[in-house]
Number of protein chains: 2
Amino acid sequence: MDLCDAREALKAKGLTVTEQRLAILQKIFDMGCYFTAKELHQALPSEKRVDLATVYRAVRLFEREGLVRCVGEIGNCRYYAKACIHNPPHAHFRCEKCGRLFCLRPFNFDDSKELISLAGEGFEVRRVTLMLEGLCAKCRKEQLINHEEGGK
Amino acid sequence: MDLCDAREALKAKGLTVTEQRLAILQKIFDMGCYFTAKELHQALPSEKRVDLATVYRAVRLFEREGLVRCVGEIGNCRYYAKACIHNPPHAHFRCEKCGRLFCLRPFNFDDSKELISLAGEGFEVRRVTLMLEGLCAKCRKEQLINHEEGGK
DNA sequence: AATTAGTTGCAAATCGTTTGCAGCTGGTGT
DNA sequence: ACACCAGCTGCAAACGATTTGCAACTAATT
């Protein structure tokens, strides 16, 4: 199943359809690669007055239902992405300098036997989070330039 | 360098040697696979009266200096491990049921060209965090048993 | 339309972590 | 041994993301 219509998705999961959930889920479908609960909340039209707590509750619910998945935790804040065949699991790169998060080329979850086999016998792997950290190309270049200038 | 003596390690890094840092770093060397700042704080002898804030500051400092590394963030809390050749980077598994964290067999950071190559040209990868999540063997077994009983 | 289980908004609570600040201490030069 | 000062520490308060209690509201069912 790979629904892009919020109402259909909620119904398919047997969830109560409310205005707030529709707005939140539709926004999730419209969002780019990843988002935080706060970004989601801010992206919602303010006249709808969806409470931040409601956004958190909805995201948690959608995560349990497999409509959304957590792609990483940075600082004390969680990043989510819509879970659908158009957005397969993939690694992320976080720049220590500018803080930006980059989506990397997908690693195939099912084929990545090697990653999953890291877990021992009897373990059930439901999620793999792969986060790389360091300097992005832009910040690395800037740092090199600064070093040169400083070294003169 | 792979020091196991707290005082030597601090000196080698050019850091001020204080009673508190000695106690904290020595405890880190004595700790098992991973620890949180709070666990570290609680593990310290209470008569020393090392403040929790001091522990946080020390851990952050040690991380910057490469004595310690962050192995993952779960919920809003960070897990650290001592960084030394006896404790090479390795994946972790977190059980969704019991919350336990397991150390998995190490993946070789230097050899894992494949993981690092996920980042694009020009990116500098300084850290790789690989976290698997799901059910540990014990919780999985318990769940199977419960399902059987429930299905009778 | 009545019922009810589930949902929402609001405010307050949590929890890990960070920070401001005044007092203390380690390391250096005398 | 002494004085000095940058850097640490303890304390309490601040912070930011997330969760929760509760009373009012609403979707789905009868």
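Labels below follow one simple rule: chain letters A, B, ... track the order of the sequence lines, proteins then strands, and each chain is numbered from 1. Just so you know, these numbers come straight off a predicted model, no measurement behind them.
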Query raised in the report: Out of curiosity, A/Gln20 CD to A/Lys48 NZ, how far, rounded to the nearest 0.5 Å?
Result: 9.0 Å
Report task. Give me the one residue out of B/Arg78, B/Lys82, B/Arg127 that meets salt bridge (charged side-chain N to carboxylate O under 4.0 Å, His left out) with B/Glu63. Result -> B/Arg127
Report summary line: In numerical order, the residues of residues 74-82 of chain A whose heavy atoms come under 4.0 Å of DNA chain C are none
Report task. Any chance you could lay out the side-chain contact (heavy atoms from CB on, under 4.5 Å) test for B/Thr36 and B/Leu40, step after step, and finish with the verdict? Result -> CA-CA 6 Å; B/Thr36 65; B/Leu40 199 49; over 6 Å; no
Query - DNA chain D contacts made by residues 42-49 of chain A, counting heavy atoms under 4.0 Å - result: none
Query raised in the report: For B/Lys13 and D/dC8, what is the distance between atoms NZ and P respectively, to the nearest whole Å?
Result: 16 Å
Query - More than 12 heavy atoms from other groups under 6.0 Å of CD on A/Glu47 - result: yes
Requested in this report: Taking atom NZ of B/Lys97 as the centre, report whether more than 12 heavy atoms of other residues, nucleotides or ligands fall under 6.0 Å from it.
Outcome: yes
Report summary line: When rounded to whole Å, the NZ to P distance for the pair A/Lys11 and D/dT29 reads 11 Å
Query raised in the report: Is the SG of A/Cys33 found under 2.5 Å away from the SG of A/Cys103?
Result: yes
Report summary line: Note: for B/Lys38 and B/Leu15 on DNA chain C, the residue whose nearest nucleotide lies more 5' is B/Lys38
Report task. Quickly work out the B/His41 NE2 to D/dC11 P distance and round it to whole Å. Result -> 9 Å
Report task. Could you please name the option among D/dT9, D/dA27, D/dC11 that lies closest to any side-chain atom of A/Thr18? Result -> D/dA27
Query - Nucleotide C/dT17, atom P - distance to CG of B/Asp51 in whole Å - result: 14 Å
**Report entry** Minimum-distance nucleotide (side-chain atoms of A/Thr54 versus C/dT8, D/dG7, C/dG16)
**Finding:** C/dT8
Report task. Using a strict 4.0 Å threshold on nitrogen-to-oxygen distance, state whether B/Glu65 and B/Lys13 make a salt bridge. Result -> no
Report summary line: Between CD of A/Glu73 and P of C/dT17 the distance, given in whole Å, is 12 Å
Query raised in the report: Under 4.0 Å between a side-chain N/O of A/Gln20 and OP1 or OP2 of C/dG9, yes or no?
Result: yes
Report summary line: From the candidates C/dT19, C/dG9, D/dT9, the one with an atom nearest any side-chain atom of A/Val50 is C/dG9
Report task. Side chain of B/Tyr56 only, please: which of D/dT18, C/dT18, D/dG10 is the nearest? Result -> C/dT18
Requested in this report: Side chain of A/Arg57 only, please: which of D/dT9, D/dC22, D/dA12 is the nearest?
Outcome: D/dC22
Requested in this report: May I have the distance from B/Leu10 (atom CG) to C/dG26 (atom C1'), rounded to whole angstrom?
Outcome: 12 Å
Query raised in the report: Between C/dC10, D/dA12, C/dG27, which nucleotide gets closest to the side-chain atoms of B/Ala53?
Result: D/dA12
Query raised in the report: Is it true that atom NZ of A/Lys138 has more than 12 heavy atoms of other residues, nucleotides or ligands lying nearer than 6.0 Å?
Result: no
**Report entry** Electrostatic pair B/Arg140-B/Glu142, nearest N-O below 4.0 angstrom
**Finding:** no
Requested in this report: Calculate the interatomic distance between B/Leu52 atom CG and D/dC15 atom C1'; express it in whole Å.
Outcome: 15 Å
Query raised in the report: Under a 4.5 Å cut-off applied to non-hydrogen side-chain atoms, are A/Phe102 and A/Leu132 in contact?
Result: no
Query raised in the report: Quick one: is C/dT7 close enough that its OP1 or OP2 comes under 4.0 Å of any side-chain N or O from A/Arg60?
Result: no
Query raised in the report: Does a side-chain N or O from B/Thr16 land closer than 4.0 Å to OP1 or OP2 of D/dC8, or not?
Result: yes
Query raised in the report: Starting at CG of A/Leu40 and ending at P of D/dA17, how long is that distance when rounded to a whole Å?
Result: 14 Å
